There are 2 protein chains.
Amino acid sequence: MLVDERRQKILNITENRGYVSLQELVTEIDASESTIRRDLEQLDGSGQIRRTRGGASYIGESLMGFEDRSTQNMEAKRRIAKMTADLIEPGEGVILDGGTTTLEVARHLVNKSLMVVTNSLPIANLLASHSNIELILIGGYVYPKTGVSLGPVAVDALRSINVRRLVMSVGGITEKGLFNSNTLLVETEKQMMNSADEIIVVADHGKFGHSALAHLCPLDRMDLMIVDRDVPESWKSLVREQGVAVLEEE
Amino acid sequence: MLVDERRQKILNITENRGYVSLQELVTEIDASESTIRRDLEQLDGSGQIRRTRGGASYIGESLMGFEDRSTQNMEAKRRIAKMTADLIEPGEGVILDGGTTTLEVARHLVNKSLMVVTNSLPIANLLASHSNIELILIGGYVYPKTGVSLGPVAVDALRSINVRRLVMSVGGITEKGLFNSNTLLVETEKQMMNSADEIIVVADHGKFGHSALAHLCPLDRMDLMIVDRDVPESWKSLVREQGVAVLEEE
DNA sequence: TCAGAAATGATAGATATCAATCAAAATATA
DNA sequence: TATATTTTGATTGATATCTATCATTTCTGA
């Protein structure tokens with residue numbers, strides 16, 4: 001059997017079953033353990049399967065790298081996401097910024113009829129298979145860490161868009177305003193804000209009191225901020241003083 | 001955290017990533033190894049995940065969005081993809097059109113240093129996590145069936161791009177030229193052709209002799225066509241007569 | 001045909017995972 | 001409140017897998 005033939009066989013088996021043990025492969029392909037190991041090493045290296053201890057598993061086209069890595073305050077993020085999604089009415093147009101919380105928002109939107117604009121690969125991925133959602137993807141340079149599109153291409157694409165609401169996530173919030181860690185991202189988000197009538201910011205308690213590299217906007221640029229119950233009262237009143245509505249849990 | 005909540009979390013993570021190691025779960029859920037083991041045992045016993053040595057993998061159809069399990073001529077497509085990928089040299093810029101075959105091409109490119117431009121969500125997903133690849137995503141209306149961006153937004157974004165090679169897939173090939181099933185897609189692909197110096201078309205034997213709704217271009221617009229060994233000689237010579245190079249299996 | 005390169009199979013020590021067990025903590029029940 | 005039950009976390013010896021190495025075989029190109 002040729003090398004590529006054998007690897008193709010491994011690929012097929014893995015794809016069909018989702019997972020195979022190394023021993024199964026050794027038996028079925030009738031090659032030595034070492035050979036199969038080397039095949040797995042190669043196939044894993046080229047991104048075709050995922051090697052695991054004792055075998056290999058299939059790599060779907062799923063969200064892969066991005067999601068779930070930072071489960072910080074995930075509980076709070078989920079509750080915030082639910083509240084946010086409940087605000088969105090059928091038939092609306094909405095921009096969803098990239099982020100863990102906004103991805104959770106998207107999960108709650110899959111059954112509504114909406115026009116969604118997003119620069120986030122994970123969100124696009126989630127929504128693309130739902131035909132009730134008209135999905136407009138914002139392209140650009142893709143930032144590998146989070147899978148969002150950035151830069152001039154993204155900004156240009158956003159210029160021709162106008163929707164009712166923007167749901168935005170941020171890296172940090174201080175009395176100076178909103179922050180994110182990437183200047184290109186901030187440029188993109190500024191254009192998002194120009195393209196929407198109402199600016200909604202979702203922020204869990206971990207965001208307050210922290211700034212970041214790039215300043216996005218002052219607090220009063222927001223229309224509505226949605227937070228969890230663990231955000232100190234002092235922060236909420238500070239934001240309210242700027243004329244921004246604050247929606248908190250129950 | 002409640003028991004069921006924890007198990008749901010394991011389920012979610014497993015489903016999203018296809019596979020998780022036990023150690024990852026211990027870290028992210030912050031429970032003891034024993035507890036997670038017991039959870040996995042339970043979830044495996046009730047058929048919700050498949051337990052593997054060192055972790056767990058997702059069970060059930062890899063519904064993962066777009067890809068069609070019953071794709072025609074998958075073997076041939078894979079071999080064509082391999083040949084195509086071998087042509088691409090490190091440092092190049094390349095446009096990858098959406099399609100089953102081009103997705104396979106992308107799999108072979110993950111370890112090269114490249115600039116990749118694509119309008120395909122599945123391809124973007126695959127490549128986004130590889131930092132050696134500079135990924136530029138073409139946005140636009142997302143066609144739910146296949147997860148590719150189409151329309152004026154996509155065309156505009158492509159206008160400002162110029163790369164060495166375009167790898168394109170087609171719906172059908174006749175003596176009249178290349179076809180695809182969607183007019184918006186064809187408009188987008190026409191701009192792709194303008195944005196590349198060399199046009200490579202990948203086509204398995206199932207494509208020949210079939211036209212489709214929208215005419216893309218005449219045969220002589222191609223520079224190189226890559227086919228499998230089952231394409232009849234008559235088609236290959238027809239294409240060659242138009243001054244197009246044809247690369248076939250060995 | 002021959003030499004060099006690549007692929008293969010076997011082995012062994014190091015390392016990680018597993019199942020089983022038990023005590024402590026949390027929860028439920030009387 | 002006290003007791004029984006369940007859940008959890010830590011430990012341990014047994015077992016499986018991993019990496020690295022090396023001799024052998026197969027493939028490749030001059």
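Residue numbers start from 1 in every chain, and the chains themselves are labelled A, B, ... in the order their sequence lines are given, proteins ahead of strands. Just so it is clear, the model here is predicted, and its values are computed rather than measured.
Listed nucleotides C/dC18, C/dT21, D/dT17 differ in distance to A/R37; the shortest reach to its side chain belongs to D/dT17. Checking C/dT17, D/dG9, C/dG9 against every side-chain atom of A/R53, the shortest atom distance belongs to C/dT17. Closest approach to the B/S34 side chain among C/dC18, D/dA10, D/dT19 is made by D/dA10 (side chain taken as heavy atoms from C-beta onward).
Closest heavy-atom contact between A/Y19 and A/A56: CD1-O, 3.1 Å. In this structure, B/S169 and B/G98 approach most closely via the heavy-atom pair OG-O, 2.8 Å.
For the pair B/L25 CG and C/dC18 P, the computed distance is 11 Å after rounding to whole Å. Straight-line distance from the CG atom of B/D44 to the P atom of C/dC18: 12 Å, rounded to whole Å. Between B/R51 atom CZ and C/dC18 atom P there is a gap of 6 Å when expressed in whole angstrom units. The separation between B/I36 atom CD1 and D/dT7 atom P is 15 Å, rounded to whole Å. To the nearest angstrom, C1' of C/dA12 lies 13 Å from CD of A/E33. For the pair A/D39 CG and D/dC18 P, the computed distance is 14 Å after rounding to whole Å. Following rounding to the nearest Å, B/Q23 (CD) and C/dT15 (P) show an atom-to-atom distance of 16 Å. Regarding B/L40, its CG atom lies at a distance of 15 Å from the C1' atom of D/dT8, rounded to whole Å.
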From CA spacing to verdict: salt bridge (charged side-chain N to carboxylate O under 4.0 Å, His left out), A/E24, B/R53: CA-CA 13 Å; A/E24 285 175 308; B/R53 192 172 186 87; over 6 Å; no
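Side-chain contact between A/K236 and A/E233: present, with at least one pair of heavy atoms (C-beta onward) separated by less than 4.5 Å. Between B/W235 and B/V227, every side-chain heavy-atom pair lies at or beyond the 4.5 Å cut-off.
Taking 4.0 angstrom as the limit, A/R6 places a side-chain polar atom (N or O) nearer than this to OP1 or OP2 of C/dT8. Contact annotation: B/T35 reaches the phosphate of D/dG9 (side-chain N/O to OP1 or OP2, under 4.0 Å).
When the nearest nucleotides of DNA chain C are assigned to B/R38 and B/T52 by heavy-atom distance, the more 5′-ward of the two goes with B/T52.
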